[in-house]
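Worksheet: the structure to be examined is printed underneath.
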Amino acid sequence: MEKYNTFKQEENILIHTKILDAPRDLVWEVWTTPAHLKEWWGPDGFSLTIKSMNVEPGKILDSIMHGWGQDFDNKIEYVEVIKPSLLSYKYFGESEDYNFTVSILFEEVEEKTLLTMKSIFKSKAIIEELNRKVNAVEGAKQTLDRLENYIKILESNKP
């Protein structure tokens with residue numbers, strides 16, 4: 001299963017894959033329900049306040065990430081929502097240069113869920129700049145690790 005846990009950068013695109021030991025419906029729910037999302041979203045040491053969340057095309061997730069002694073406003077607009085297999089959205093950064101799009105595929109693999117998250121930025125230089133400013137790639141990896149750990153907790157608490 002380790003072959004499924006990968007990270008690569010292709011110019012202005014970041015692609016993370018992670019195999020999660022949980023059914024696809026649960027992984028979808030954890031991504032699309034505010035009560036779950038606030039438990040794992042963000043890099044290590046961060047927390048999340050959700051102001052509003054409506055997982056439908058054209059609707060918004062408006063939230064604040066808290067970390068490093070700062071508050072980071074986050075807005076995403078859902079573009080495509082196909083339950084339980086595809087979620088795509090536009091992320092709005094502090095300037096238009098930092099806006100990017102994300103698509104997440106949820107695939108069933110051997111009774112687990114293969115998550116493939118593809119983030120497309122304006123340029124490779126923007127990724128490099130975000131890495132210098134906020135350690136963006138490592139933060140994304142930590143976020144998916146937090147997702148994996150949260151799902152393990154949910155699965156272990158099942159009767």
Side-chain angles (χ1 to χ4, degrees), residues 5 7-9 12-18 20 22 24-106 113 115-157:
N5 294 318
F7 167 77
K8 63 184 173 180
Q9 179 173 346
N12 66 319
I13 301 170
L14 302 177
I15 303 167
H16 292 84
T17 64
K18 186 170 273 295
L20 300 166
R24 182 167 69 162
D25 286 339
L26 175 61
V27 177
W28 177 269
E29 180 183 330
V30 165
W31 267 92
T32 59
T33 307
H36 287 302
L37 193 68
K38 71 180 186 63
E39 295 298 323
W40 63 269
W41 187 264
D44 293 346
F46 277 65
S47 63
L48 184 72
T49 300
I50 296 174
K51 296 193 254 180
S52 65
M53 182 176 181
N54 188 345
V55 185
E56 293 178 31
K59 302 294 183 183
I60 302 286
L61 164 60
D62 187 3
S63 63
I64 303 168
M65 287 178 52
H66 312 282
W68 301 335
Q70 300 177 56
D71 292 335
F72 301 91
D73 284 325
N74 279 278
K75 276 201 176 45
I76 67 170
E77 178 183 344
Y78 294 99
V79 175
E80 202 171 0
V81 179
I82 303 172
K83 182 181 181 178
S85 59
L86 175 68
L87 195 58
S88 69
Y89 58 83
K90 292 181 206 169
Y91 173 87
F92 298 98
E94 61 187 55
S95 79
E96 196 168 306
D97 283 344
Y98 296 144
N99 294 355
F100 59 95
T101 60
V102 177
S103 65
I104 306 155
L105 287 174
F106 302 79
T113 302
L115 189 83
T116 303
M117 185 173 180
K118 183 191 290 187
S119 303
I120 303 173
F121 294 80
K122 194 172 187 174
S123 68
K124 184 178 179 183
I126 292 292
I127 294 172
E128 291 166 357
E129 183 178 337
L130 287 170
N131 265 332
R132 282 192 306 276
K133 285 184 165 185
V134 294
N135 205 14
V137 170
E138 182 59 28
K141 290 176 183 177
Q142 290 175 8
T143 297
L144 291 182
D145 288 346
R146 288 183 68 194
L147 165 68
E148 181 179 34
N149 291 332
Y150 179 68
I151 285 173
K152 283 179 183 173
I153 291 166
L154 292 177
E155 287 291 280
S156 70
N157 288 335

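One is the number of the first residue; the rest follow in order along the sequence. Quick caveat: nothing in here was measured; it's all calculated off a predicted structure.
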Shortest non-hydrogen contact from Gly58 to Glu77? CA-OE2, 3.6 Å
Got a second to check how far Gln9's CD is from Glu128's CD, nearest 0.5 Å? 7.0 Å
Atom pair CD/NZ of Glu29 and Lys83 - distance to nearest 0.5 Å: 8.0 Å
Less than 4.5 Å apart, any side-chain heavy atom of Met65 and any of Pro43? yes
Determine whether Ile151 and Trp40 satisfy the following criterion, side-chain contact (heavy atoms from CB on, under 4.5 Å), listing intermediate values before the conclusion. CA-CA 9 Å; Ile151 285 173; Trp40 63 269; over 6 Å; no
Drop me the distance from Asp71's CG to His66's NE2, to the nearest 0.5 angstrom. 5.5 Å
Is a side-chain donor or acceptor of Thr113 paired with a backbone partner of Ala22 at a separation under 3.5 angstrom? yes
Name the orientation class of the two ring planes belonging to His16 and Phe7 (parallel below 30°, tilted from 30 to 60°, perpendicular beyond 60°). tilted
Residue among Asn99, Asp97, Asn131 satisfying side-chain contact (heavy atoms from CB on, under 4.5 Å) with Ile126: Asp97
Could you state the interatomic distance from OG1 (Thr101) to NZ (Lys118), rounded to the nearest 0.5 Å? 9.0 Å
Is there a donor-acceptor contact under 3.5 Å from the side chain of Asn54 to the main chain of Ile60? no
Can you run down the ring-ring contact (aromatic ring centres under 6.0 Å, His included) pairs that involve residues 115-148, sequence neighbours left out, and say none if there aren't any? Phe100-Phe121
Just jot down the salt bridge (charged side-chain N to carboxylate O under 4.0 Å, His left out) partners of Asp44, sequence neighbours excluded, or say none. none
Quick one, Leu37 and Ile50 - any side-chain contact, counting heavy atoms below 4.5 Å? yes
Determine, stepwise, if the pair Leu14 / Met117 fulfils side-chain contact (heavy atoms from CB on, under 4.5 Å). CA-CA 8 Å; Leu14 302 177; Met117 185 173 180; over 6 Å; no
Neighbour count above 12 (heavy atom, 6.0 Å) for Gln70 CD: yes
Taking the side chain as C-beta and beyond, is there a heavy-atom pair between Ile76 and Val102 under 4.5 Å? no
Any donor-acceptor pair under 3.5 Å linking the side chain of Arg146 with the backbone of Gly42? yes
NZ-OG distance between Lys122 and Ser95, expressed to the nearest 0.5 angstrom: 7.5 Å
From the list Leu144, Thr143, Val137, side-chain contact (heavy atoms from CB on, under 4.5 Å) with Lys141 holds only for Val137
Would a 4.5 Å heavy-atom cut-off, applied to side chains only, mark Glu56 and Val81 as touching? no
Show, in sequence, the C-alpha distance, side-chain angles and deciding distance for Leu20 and Val30, and conclude whether the side-chain contact (heavy atoms from CB on, under 4.5 Å) test is met. CA-CA 12 Å; Leu20 300 166; Val30 165; over 6 Å; no
Please name all residues satisfying salt bridge (charged side-chain N to carboxylate O under 4.0 Å, His left out) with Lys75, sequence neighbours left out, ordered by chain then number. Asp62
Phe92 vs Asp73 side-chain heavy atoms within contact, under 4.5 Å: no
Report the residue from His36, Glu39, Glu155 that forms a side chain to side chain donor-acceptor pair (under 3.5 Å) with Tyr150. His36
Nearest heavy-atom contact between Asn12 and Ser123 is CB-C, 3.6 Å
Do Trp31 side-chain atoms and Leu87 backbone N/O form a donor-acceptor pair below 3.5 Å? no
Are the side chain of Ser88 and the backbone N or O of Ser103 linked by a donor-acceptor pair below 3.5 Å? no
Is the number of heavy atoms from other residues, nucleotides or ligands within 6.0 Å of NZ (Lys51) greater than 12? yes
Kindly say whether Ile153 contributes a backbone atom to a donor-acceptor pair with the side chain of Ser156 at under 3.5 angstrom? yes
Got a second to check how far Leu61's CG is from Thr32's OG1, nearest 0.5 Å? 11.0 Å
